[in-house]
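Before any comments, here is the structure.
Values below: all heavy atoms of this structure, side chains included; hydrogens, waters and symmetry mates excluded.
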Amino acid sequence: MVKTEEPFELNEISADPGTPIDRNLALELVRVTEGAAMSAARFMGRDDKIAADRAAVESMRRSLSHVDMAGVVKIGEGEKDKAPMLYIGEQIGNGNPPLVDVAVDPIDGTRLVARGLPGGIATVALSERDTLLKTHCAYMEKLVVGPRARGVIDLRVSHTENLHRIAAAEERPVKDLTVVVLDRPRHEELLREIRATGARVKLITDGDVAAGIMAALPERTGLDVLLGIGGATEAVLTACAVRCIQGDMQCRLWPRDDEERDLIHKEGFSEEQIFQAEDLCGGENIFFAATGITDGEMLGGVRFAGETVETHSVVMRSYTGTLRWIDAFHNLTQLRLRNELSLRLDS
């Protein structure tokens with residue numbers, strides 16, 4: 001069962017708490033994201049972000065409680081007093097090793113789901129304990145590329161220089177690159193610079209975790225680079241996936257005011273500091289899972305057909321470098337029977 005106040009007491013029959021992660025937890029995590037996606041998808045286009053997010057969170061929290069792990073939420077819905085479910089510091093799992101950090105975004109692109117727009121996904125990632133970055137700064141400047149451009153990017157040089165470096169690594173002209181950017185007023189100057197290079201631009205309204213993953217998978221998605229300022233928690237989730245894909249990523253904290261600037265200084269960080277993907281997610285055995293909620297370029301959305309539900313997911317593991325694309329068909333009658341049995345056993 002989930003414990004939220006007292007530290008986990010590891011089961012006596014379990015191995016030493018330092019036991020390495022020796023099974024593919026990503027295959028367990030995909031069941032978590034599938035459930036969250038199916039729950040959220042019922043609210044697609046109903047213009048109720050809160051209800052959609054609540055449904056995804058409740059499903060994800062319930063599913064995570066049955067996973068064999070002693071997990072602590074490092075990236076979640078917020079601090080305990082502001083987020084009653086999946087809050088930062090909450091302990092999840094059944095208490096068995098391994099000890100892990102967990103990052104969750106029950107809906108990446110809540111507004112997309114609420115408005116019935118493409119690209120909403122449910123995501124969860126985990127890594128060894130104390131390996132995920134925690135900061136109170138809300139935003140980060142991000143640069144994400146795929147494996148072929150690994151090692152050539154540098155946020156300390158201009159965006160123009162980075163795009164030329166990426167194009168050279170990809171053995172293509174800059175005009176063939178497609179750069180994905182969040183459509184925000186803060187990116188006006190960035191967009192002018194990108195367009196001046198001749199590169200193509202894809203603007204998105206929300207969902208920069210999915211966009212970062214797509215930029216790290218250019219052969220599959222047609223996107224080559226993610227640039228711009230987005231959520232810091234989303235950056236950590238993206239870093240988990242980028243490390244599994246063996247792409248590359250650099251970030252820099254972007255404090256909005258003096259209060260956030262003071263906060264990051266107290267955390268021991270600075271605005272000039274460059275974070276690599278390994279700084280955001282430092283584990284050696286990282287797992288990532290995502291399931292589409294609404295139809296997108298990377299993942300198809302949830303489709304309901306009577307007692308059958310179709311989902312589309314991706315699962316990753318850094319240790320083996322394996323990516324799995326999973327199309328699943330769920331029998332709702334069987335799922336209800338299992339849930340009823342599980343509730344009776346827990347009561």
Verify salt bridge (charged side-chain N to carboxylate O under 4.0 Å, His left out) between R148 and E219, making sure each step is shown before the conclusion. CA-CA 10 Å; R148 293 188 65 177; E219 290 82 4; 5.0 Å; no
Atom pair [atom1] ([X]) and [atom2] ([Y]), whose distance is rounded to the nearest 0.5 Å:
X    : Y    : atom1 : atom2 : result
T311 : R31  : OG1   : CZ    : 12.0 Å
R184 : I229 : CZ    : CD1   : 11.5 Å
I166 : E161 : CD1   : CD    : 10.0 Å
L155 : C251 : CG    : SG    : 7.5 Å
L223 : I204 : CG    : CD1   : 9.0 Å
M69  : L29  : CE    : CG    : 6.5 Å

Side-chain touch [X]/[Y], heavy atoms, less than 4.5 angstrom:
X    : Y    : value
L323 : I245 : yes
R156 : I274 : yes
L332 : V309 : yes
R317 : I286 : no
W325 : M298 : yes
K202 : V179 : no
I293 : M38  : no
H159 : L227 : yes

Give a yes/no verdict on a cation-pi contact between R42 and F304, requiring under 6.0 Å between NZ or CZ and the six-membered ring centre and an angle within 45° of the axis.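 Verdict for F304: a cation-pi partner in R42.
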For the residue pair [Y] / [X], report whether a side-chain donor-acceptor contact shorter than 3.5 Å exists.
X    : Y    : value
E307 : T333 : yes
H136 : E260 : no
E310 : H312 : yes

Let me check something: do [X] and [Y] share a hydrophobic cluster, defined by ILVMFWY side-chain heavy atoms less than 4.5 Å apart, either directly or through other members?
X    : Y    : value
V180 : I213 : yes
M140 : W254 : no
V242 : V104 : no
I326 : I121 : no

Does a side-chain N-to-carboxylate-O contact under 4.0 Å join [X] and [Y]?
X    : Y    : answer
R303 : D295 : yes
R150 : E278 : yes
E90  : R61  : yes
R62  : E58  : no

Take R115 and D47, measure what salt bridge (charged side-chain N to carboxylate O under 4.0 Å, His left out) needs, and give me the verdict at the end. CA-CA 5 Å; R115 297 181 64 186; D47 200 26; 6.0 Å; no
Any idea which heavy atoms bring [X] and [Y] closest together, and the distance?
X    : Y    : result
P98  : L25  : CG-CD1, 4.1 Å
I107 : A56  : CG1-CB, 3.7 Å
F288 : C240 : CD1-CB, 4.4 Å

Between [X] (side chain only) and [Y] (backbone N and O only), is there a donor and an acceptor less than 3.5 Å apart?
X    : Y    : answer
K74  : V100 : no
R243 : G283 : yes
S318 : C244 : no
E128 : N285 : yes
R165 : I153 : no
S63  : V32  : no
E34  : T291 : no
H187 : L182 : yes
N162 : D154 : yes
T294 : G119 : yes

Taking the six-membered ring for Trp, are the ring centroids of Y319 and F287 within less than 6.0 Å of each other?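 Ring centroids of Y319 and F287 are no less than 6.0 Å from each other.
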Could you check whether atom CZ of R200 has more than 12 heavy atoms from other residues, nucleotides or ligands sitting under 6.0 Å from it?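 Check fails, neighbour count at 12 or below.
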CD of E267: more than 12 outside heavy atoms within 6.0 angstrom?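 Count over threshold, so yes.
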Stepwise side-chain contact (heavy atoms from CB on, under 4.5 Å) test for K49 and R111: CA-CA 6 Å; K49 293 194 298 183; R111 182 165 54 175; 4.0 Å; yes
Applying the side chain to side chain contact (heavy atoms under 4.5 Å, CB included) criterion to L64, which one of L126, V73, I92 satisfies it?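 Only one option passes, and that is I92.
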Member of E271, E272, E141 meeting the salt bridge (charged side-chain N to carboxylate O under 4.0 Å, His left out) criterion with R252: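 Running salt bridge (charged side-chain N to carboxylate O under 4.0 Å, His left out) over E271, E272, E141 with R252 returns exactly one hit, E141.
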Using the side-chain contact (heavy atoms from CB on, under 4.5 Å) rule, take L190 and I194 through it: C-alpha gap first, then chi angles, then the decisive distance, then the call. CA-CA 6 Å; L190 168 64; I194 295 170; 3.8 Å; yes
